[in-house]
Amino acid sequence: MSKYQEVLLQAQSLTPKEQIRLIEDLSSLISQQVTMTPKPKHSILELRGLGKEIWNGVDAQEYINQERDSWNG
């Protein structure tokens with residue numbers, strides 16, 4: 001029998017009030033572990049150049065002119 005199954009059987013023998021307390025304590029324990037784990041930090045600069053292949057061969061001024069023309073209907 002795994003440790004999890006043993007703990008689950010023990011939890012089932014608790015009163016509902018004790019089970020709720022156990023859940024609260026486990027939730028608190030997990031929350032502390034999650035907040036203690038540092039999240040990797042990312043920089044917006046990591047996105048630099050992403051999708052640049054889409055613009056290959058496109059003249060920037062021509063694109064802007066087409067966009068502006070489309071606004072006028």
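As a basis for the values below, the full set of heavy atoms in this structure was taken, side chains included, without hydrogen atoms, waters or symmetry mates.
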Only one of Leu22, Ile20, Leu14 clears side chain to side chain contact (heavy atoms under 4.5 Å, CB included) with Glu18; which?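 Answer to the side chain to side chain contact (heavy atoms under 4.5 Å, CB included) test with Glu18 among Leu22, Ile20, Leu14: Leu14.
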
Gln66 side, atom CD; Gln61 side, atom CD - distance, nearest 0.5 Å: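 With rounding to 0.5 Å, CD (Gln66) is 11.0 Å from CD (Gln61).
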
Please round to the nearest 0.5 Å and tell me the distance separating atom CG of Leu26 and atom OG of Ser31.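 The CG atom of Leu26 sits 10.5 Å away from the OG atom of Ser31.
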
Side-chain contact, heavy-atom cut-off 4.5 Å: Arg68 with Ile64?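 SC-SC contact between Arg68 and Ile64 confirmed.
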
I want to check something: taking the side chain as every heavy atom from C-beta on, are Leu9 and Met1 in contact at a cut-off of under 4.5 Å?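 Side chain of Leu9 against side chain of Met1, heavy atoms only: contact under 4.5 Å found.
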
Extract all donor-acceptor atom pairs below 3.5 Å that involve side chains of residues 43-50 and protein atoms in other chains or at least two apart in sequence.
from	atom 1	to	atom 2	distance (Å)
Ser43	OG	Leu45	N	3.0
Glu46	OE1	His42	ND1	3.2
Glu46	OE2	His42	ND1	3.3
Glu46	OE2	Ser43	N	3.1

Remaining members of hydrophobic cluster (4.5 Å side-chain criterion), Leu29: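 Under the 4.5 Å side-chain rule, Leu29 groups with nothing.
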
Side-chain donor or acceptor of Ser28 paired with backbone N/O of Asp25 under 3.5 Å: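 Judged by distance alone, no pair lies under 3.5 Å.
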
